[in-house]
There are 2 protein chains.
Amino acid sequence: MLHDPAQLDLMFQALADPARRQMVDRLSRGPASVSQLAEPLAMSLSAVVQHLNLLEASGLVRTQKVGRVRTCQIEPKALRAAEHWINERRLSWERRLDRLGDFLAES
Amino acid sequence: MLHDPAQLDLMFQALADPARRQMVDRLSRGPASVSQLAEPLAMSLSAVVQHLNLLEASGLVRTQKVGRVRTCQIEPKALRAAEHWINERRLSWERRLDRLGDFLAES
DNA sequence: GAAATAGTTAAGTAAATGCTTCAGTGTTAC
DNA sequence: GTAACACTGAAGCATTTACTTAACTATTTC
């Protein structure tokens with residue numbers, strides 16, 4: 001579910017926007033309401049809600065509404081999935097380099 | 001230089017596109033020419049070059065031209081920078097959860 | 001129950017993105 | 001020297017994106 005390419009697509013797409021990364025950054029320091037997320041951003045609350053909906057659709061953020069306040073949290077599992085995708089490619093490359101080094105050392 | 005927010009922006013933006021991630025994936029298994037990168041993709045060579053230019057501008061891929069062939073490689077340092085950004089946020093969140101757990105355990 | 005608060009939704013718009021085609025350039029093979 | 005090859009660049013176009021404003025729906029507060 002988390003490695004499904006469509007979800008991965010949504011996650012990387014979500015992380016591509018600076019405002020959304022700023023929101024993730026804020027949330028990494030603890031939960032926040034929509035207004036709290038919006039506060040440091042130079043855009044309308046409406047725009048923030050739209051970004052937030054993308055973040056939620058991507059699985060990176062989970063929200064729950066109590067009364068009139070929507071509280072947002074990071075979903076570390078999703079972050080880990082994105083992290084993992086990058087990590088695997090980097091390691092694959094680095095292992096290849098190691099094997100090449102071994103081969104050259106032997107000759 | 002790698003943690004400069006503008007560069008990070010370019011990297012995440014580059015990773016947001018499925019075709020570009022497929023190119024990175026291919027390159028993680030070893031260097032490739034532009035045509036080799038293009039081969040599995042259902043688009044014109046010209047489109048692939050445009051994607052490649054973005055990847056290069058983001059620092060994720062380095063290329064060098066010998067004769068008429070441009071050979072492309074992954075730049076693991078850049079991948080590591082993106083990885084690191086995500087990792088820091090996730091850890092920050094998880095550490096917070098740990099502290100919260102400790103606090104609740106004490107009471 | 002009226003007013004303030006917190007968020008939501010829809011419609012519109014300007015700019016960015018991901019292509020395409022076509023007309024090149026430089027390189028290598030014959 | 002000419003033909004094939006491996007790209008490159010510009011122009012154009014359809015779609016998507018990141019907003020805006022304005023009208024609206026719940027909840028609290030007083």
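Letters go in sequence order (proteins before strands), and every chain restarts at 1.
Between the CD atom of A:Q64 and the P atom of C:dA6 there is a distance of 18 Å, given to the nearest Å. In this structure, the CZ atom of B:R70 is 16 Å from the P atom of C:dT28, given to the nearest Å. The CG-P distance, from A:N53 to D:dT17, rounds to 14 Å in whole Å. The CG-P distance, from A:L10 to D:dT16, rounds to 14 Å in whole Å.
Pairs of residues two or more places apart, or lying in two chains, that qualify as ring pair (Phe, Tyr, Trp, His ring centres under 6.0 Å) and include a residue from residues 9-33 of chain B are B:F12-B:W85. A salt bridge (charged side-chain N to carboxylate O under 4.0 Å, His left out) check over residues 6-18 of chain B, counting only residues at least two apart or in different chains, returns the pairs A:R21-B:D9. Among residue pairs with one or both ends in residues 34-55 of chain B, none qualify as salt bridge (charged side-chain N to carboxylate O under 4.0 Å, His left out); sequence neighbours excluded. For residues 15-48 of chain A, the set of pairs meeting the ring pair (Phe, Tyr, Trp, His ring centres under 6.0 Å) definition, not counting sequence neighbours, is empty. Within the structure, the ring pair (Phe, Tyr, Trp, His ring centres under 6.0 Å) test picks out no pair touching residues 30-81 of chain A (sequence neighbours left out).
The shortest distance between the side-chain N/O atoms of B:K65 and the OP1/OP2 oxygens of D:dA6 is not below 4.0 Å.
By the salt bridge (charged side-chain N to carboxylate O under 4.0 Å, His left out) test, A:R68 pairs with no residue at all, sequence neighbours left out. In this structure B:R62 satisfies the salt bridge (charged side-chain N to carboxylate O under 4.0 Å, His left out) test together with B:E75, sequence neighbours excluded.
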Protein-proximity profile, nucleotides 15-26 of chain C, B/S/- by nucleotide at the 4.0 Å heavy-atom cutoff, equals --SSBBB----B

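Contact annotation: the side chain of B:L55 never approaches that of B:T63 to less than 4.5 Å [non-hydrogen atoms, C-beta and beyond].
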Could I get a table of every N or O pair under 3.5 Å where one atom is in the protein and the other is in nucleotides 23-25 of chain D?
none

